[in-house]
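I have placed the structure first, in the form of structure tokens, so that the comments after it can refer back to it.
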Amino acid sequence: MTIPRGTPQPDGVFGLRVAAALAAKGVSASEHTVIETAERIVTPPRRNGVLRLLMSTRFAPAELQAETTVVVQVLLANLARDGATGIRLPLCPSCRTRKVLKVRNEHGQRECFRCAQRRSYNECPQCLRMKKLTATNAGGQRVCQRCGPDGIPTFTCDDCGKIVTTLGRVDGRRVCLNCLPPRLRRCVSCGEQKKIAANMLHGPHCFACHNRILRNAAPCPGCGQKRILAFLGTDDHPCCASCAGQPARYACRRCGSEEHHYGRLCGKCVLSDRCDDILTGPDGEFLPPMRVLRDYLLVQPRPAQIIKWLRMGPSTDLLRDIASSRASIDAVLDAPRPSKPLIYLRTLLLDAGALPHDTAATRQLMAWATQTITEAPAEHHQMLRTYTRWVLLRRAGRDDSGDIPLGAVRHVKASLRGLVTFLTWAEEQRTPLASLTQAQVDEFITLRTARRWLPQFVAWAAERDITPELDIPTLPHREPTISASEAQLDFSVATFENYARLSGSTRGDYPALRDTTYRRSS
């Protein structure tokens with residue numbers, strides 16, 4: 001079907017003809033959306049030519065060519081943003097992304113507006129950003145407008161009244177970016193209507209999908225190196241910048257790596273600068289523990305999280321004081337009741353090797369015990385210090401490094417905390433330890449669970465004539481009871497034998513195990 005020149009295309013009729021032409025080419029979209037978009041974008045003088053192109057045999061919306069009329073590309077791009085399927089925009093030869101191509105380069109090829117603008121940009125020697133160099137600094141260098149002597153111009157937002165440097169327009173009013181209503185478009189990666197961060201690969205990407213691509217470098221299918229796959233190769237598959245023939249836009253300006261993308265510098269280089277700023281002393285030198293901590297942080301797999309911790313964590317000031325020798329690193333271990341940030345810093349220093357492991361738990365326990373003893377009545381402080389040092393700590397077990405294990409630390413804390421409670425209770429009863437009676441001790445045991453630690457203290461105190469001889473029953477040692485039946489035991493033994501046969505091992509002592517179980521239950 002041909003459209004004669006001069007055929008009238010009024011509103012309503014033109015939109016229906018466009019919807020029918022696109023449906024015949026395999027484009028799936030709402031008819032109301034197509035009518036509204038077509039009559040809004042295509043002006044009346046151009047409607048006949050657009051219809052002739054849409055109905056021609058050479059037109060294929062699933063694979064648009066770069067030489068397709070710009071107004072048709074804009075029409076299909078708007079339909080794709082509104083959720084239409086069966087549309088594939090042309091591929092920009094410069095950035096290898098699918099966009100509307102409306103500007104020709106020096107070779108006569110059509111490219112996207114962003115690539116055309118980028119050709120007029122250059123790296124500002126002062127802020128190192130890709131900007132138009134429209135000003136001259138005091139040294140005679142061409143710089144961007146922000147770095148120029150006059151700075152970037154400012155405006156007053158008509159909505160909030162703030163002084164801003166960038167603005168948009170809404171119904172003729174100049175507004176800042178915060179007051180500008182967000183323009184939602186369909187992300188080609190997640191398919192949701194969101195605010196778009198950038199156009200890359202096959203179309204617009206939201207901020208979440210854009211960050212996911214930049215922060216997850218992967219082996220490039222072309223060169224095999226770990227790069228950011230944000231470009232399209234000759235086979236229309238994601239690849240790195242070098243394989244697509246593009247400049248390494250996302251490479252680190254210092255080391256050239258594309259892993260751990262963080263901005264102009266990669267996460268490793270940014271973390272190295274932050275560590276050099278925080279962990280060095282006034283003379284610029286590292287103390288041995290701070291150098292060990294720096295080396296440990298630089299080999300961690302997620303530098304962005306460490307950068308955020310160094311920027312927002314409350315332990316940064318303490319690290320600066322330790323690096324400048326204003327505070328001792330032993331203060332991390334000697335805190336009696338450390339906060340959660342201090343516990344995290346202490347664990348980090350121990351894992352990095354900046355603090356020794358052999359006495360860490362003992363020193364932490366001694367600091368806690370010193371603070372806890374002060375909560376007891378004053379006349380018992382010396383007795384509690386002696387009992388803690390020569391009884392609780394000496395009887396606590398030791399691990400391979402010679403330090404107190406976690407289970408022993410919990411037992412010592414429970415015992416000392418209970419003793420402070422017991423002595424406070426005796427003070428409230430107005431009864432000295434030498435005058436304690438059996439009835440009073442039995443009353444205390446009925447009120448609190450004290451049979452695990454009180455008998456040991458009473459026996460020690462009676463030997464030194466601090467308390468009289470008192471009888472405190474300890475917790476009975478209970479043997480495990482077996483309540484399995486004969487059939488259940490036979491089934492368990494048969495299961496063990498089948499497993500031994502399948503694994504190729506010997507039968508073992510399963511019958512002996514069954515006899516031992518019966519002897520215990522009887």
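Source: prediction; values computed, not measured.
- Side-chain contact between Ile322 and Ser328 is absent, with no heavy-atom pair separated by less than 4.5 Å.
- With sequence neighbours excluded, no residue forms a side chain to side chain donor-acceptor pair (under 3.5 Å) with Gln456.
- Taking 4.5 Å as the limit, every side-chain heavy atom of Lys162 sits out of range of all side-chain heavy atoms of Cys176.
- Counting heavy atoms from C-beta on, the side chains of His260 and Cys269 never come closer than 4.5 Å.
- Checking side-chain atoms of Thr316 against main-chain N and O of Met312 turns up no donor-acceptor pair under 3.5 Å.
- Between the CD1 atom in Ile163 and the SG atom in Cys157 there is a gap of 9.5 Å [rounded to 0.5 Å].
- We find the CG-OG1 distance between Asp442 and Thr437 to be 8.5 Å, quoted to the nearest 0.5 Å.
- Note that OG of Ser415 and CZ of Phe422 are 13.5 Å apart. Values are rounded to the nearest 0.5 Å.
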Determine, stepwise, if the pair Ile373 / Leu416 fulfils side chain to side chain contact (heavy atoms under 4.5 Å, CB included).
-> CA-CA 8 Å; Ile373 289 174; Leu416 186 56; 4.3 Å; yes
Distance-only donor-acceptor hits, side chain of residues 184-193, under 3.5 Å, sequence neighbours excluded:
from	atom 1	to	atom 2	distance (Å)
Arg186	NE	Ala80	O	3.1
Arg186	NH2	Ala80	O	3.3
Ser189	OG	Arg212	NH2	2.7
Gln193	OE1	Arg186	N	3.4
Gln193	NE2	Arg81	O	3.2

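- Here Arg174 does not pair with Asp159 in a salt bridge; the nearest charged N to carboxylate O distance is not below 4.0 Å.
- A 4.5 Å side-chain heavy-atom check between Ile228 and His261 finds at least one atom pair inside the cut-off.
- By the 4.5 Å heavy-atom criterion applied to side chains, Leu133 and Cys124 are counted as neighbours.
- Of the charged side-chain nitrogens involved, none lies within less than 4.0 Å of a carboxylate oxygen, so that Asp351 and Arg346 do not count as a salt-bridged pair.
- Rounding to the nearest 0.5 Å gives a distance of 7.0 Å between CG of Leu297 and CG of Leu279.
- Residues Asn199 and His205 form no side-chain contact, since every pair of their non-hydrogen atoms from C-beta on lies 4.5 Å or further apart.
- Counted by atom type alone, Thr136 and Arg142 present one or more donor-acceptor pairs between their side chains at under 3.5 Å.
- Ion pairing between a basic and an acidic side chain is recognised when a charged N comes within 4.0 Å of a carboxylate O; Asp273 and Arg254 show such pairing.
- Note: His381 NE2 to Thr370 OG1 = 11.0 Å, rounded to the nearest 0.5 Å.
- Each of Arg253, Arg264, Arg129 was compared with Glu123 under the salt bridge (charged side-chain N to carboxylate O under 4.0 Å, His left out) criterion, and only Arg253 meets it.
- Salt bridge annotation for Lys268-Glu258: absent, with no cationic side-chain nitrogen under 4.0 angstrom from a carboxylate oxygen.
- Using a 4.5 Å cut-off on side-chain heavy atoms (C-beta onward), Met383 and Phe457 make contact.
- Using a 30° and 60° split on the angle between ring planes, Trp425 and Phe444 fall in the tilted class, from 30° to 60°.
- Atom SG of Cys243 and atom CG of Leu232 lie 12.5 Å apart (nearest 0.5 Å).
- Between the side chain of Thr374 and the main chain of Gln371, a donor-acceptor pair closer than 3.5 Å is present.
- For the residue pair Thr431 / Gln440, a side-chain donor-acceptor distance below 3.5 Å is found, with atom types taken as modelled.
- Remark: the backbone N or O of Tyr296 is paired with a side-chain donor or acceptor of Gln300 at under 3.5 angstrom.
- At a threshold of 4.0 Å, the pair Arg326-Asp321 counts as salt-bridged, since one of the basic side-chain nitrogens sits closer than that to a carboxylate oxygen.
- Counting heavy atoms from C-beta outward, Thr372 and Arg337 have side chains that approach closer than 4.5 Å.
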